[in-house]
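Input: a single structure, listed below in structure tokens.
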Amino acid sequence: TKPYEVKSSRGLHLKIYHQPEMQFIHAQLLIAYAVIPENPAIPYLTWLNLFHRNIGVYNTQPLESLEKLGNDFQVEHRPEYLYFKINILPGKLNAFLKFLKSLYNYKPLLETKAATYKQKKRMDIARDRFKDSIGSFWHYYFKRKDWKSHMAQKLAYDHLFPGQRLGKGLIRPEMLKKIRMSQLRDFYTSAYRLENSVLVLKGKFNKPPLTFGLIEHTPEIEAVIQKYF
């Protein structure tokens, strides 16, 4: 099926595959990192701090939103992008867009000063998660990668193709010691942006995916509503 494609005024590239025979909606989100830090642990730690359930006592706002969607999701970090996918019921589409809002506006990684008690609490929790992610990094990392094999591949690639990005993804222990919370904040601000993102929705739609200013009403989107909904 040929998708309907549109770009929102805020930069999100949207593709819709309307397949009414499906009983759910399959959503895929790809965020391409516009700026890739020299230290590859920074994007990896940002991903852990946003999505890992076992860091700290409290879940992040994106994780709380995903719990309401049933937690049937997968998220993968790569050196150059983040890839997220989830299956949701048609009636949960607006709840999914609430998750998107929380992902792109995660306050603990945006706030630098606390003017209220609530802001201070959010920042304290974010700092605790950050410290725990540094201390437990290798525990999480080894679960997903064979470090020795990964190291050999990266070193070989960097030797054959010096300076290429694919050879720069090796994370060494000394890299973690240099990372500060402000670096995660700077990376999040530059990378987790709508204009860096592609959202693909495939399945049965009961309501058009238009809310929260992420995907807004425009003449182009009104045309697809008439066609698909």
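Values in this document were obtained by computation on a predicted structure and should not be read as measured data.
Rounded to the nearest 0.5 angstrom, Leu109 CG and Leu50 CG are separated by 6.0 Å. Annotation: the span from His77 atom NE2 to Ile31 atom CD1 amounts to 12.0 Å, rounded to 0.5 Å. With values rounded to the nearest 0.5 angstrom, Gln19 atom CD is found 11.5 Å from Ile25 atom CD1. Summarising the geometry, atom CG belonging to Leu201 is positioned 12.0 Å from atom NE2 belonging to His18; distances are rounded to the nearest 0.5 Å. Rounded to the nearest 0.5 Å, atoms CG (Leu29) and CG (Leu82) are 7.0 Å apart.
Looking only at side-chain heavy atoms (C-beta outward), Pro108 and Gln61 come within less than 4.5 Å of each other. Tyr44 places none of its side-chain heavy atoms less than 4.5 Å from the side chain of Leu176. Between Leu110 and Tyr188, some side-chain heavy-atom pair lies under the 4.5 Å cut-off.
Residue pairs meeting the salt bridge (Lys or Arg N to Asp or Glu O under 4.0 Å) criterion with at least one member in residues 175-196, sequence neighbours excluded: Arg193-Glu195.
For the residue pair Thr46 and Tyr192, no side-chain donor N or O sits within less than 3.5 Å of a side-chain acceptor on the partner. Using modelled atom types, one finds a donor on one side chain and an acceptor on the other under 3.5 Å when comparing Gln28 with Tyr83.
For the pair Arg129 (side chain) and Ile55 (backbone), a donor-acceptor distance under 3.5 Å is present. A donor-acceptor pair under 3.5 Å is formed between the side chain of Asn196 and the backbone N or O of Ala191. Here the side chain of Asn49 pairs a donor or acceptor atom with the backbone of Phe130 at under 3.5 angstrom.
In this structure, Val35 shares a hydrophobic cluster with no other residue, the cluster being traced through Ile, Leu, Val, Met, Phe, Trp and Tyr side chains under 4.5 angstrom apart.
Within a 6.0 Å sphere centred on OH of Tyr58, heavy atoms belonging to other residues, nucleotides or ligands number 12 at most.
Taken together through direct or relayed side-chain contacts under 4.5 Å among Ile, Leu, Val, Met, Phe, Trp and Tyr, Met123 and Ile179 form parts of separate hydrophobic clusters.
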TODO: Would you check, one step at a time, whether the test ring-ring contact (aromatic ring centres under 6.0 Å, His included) holds for Phe84 with Phe99?
DONE: CA-CA 12 Å; Phe84 173 90; Phe99 153 72; 4.9 Å; yes

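Ala32 approaches Tyr81 most closely through the heavy-atom pair CA-CB, 4.0 Å.
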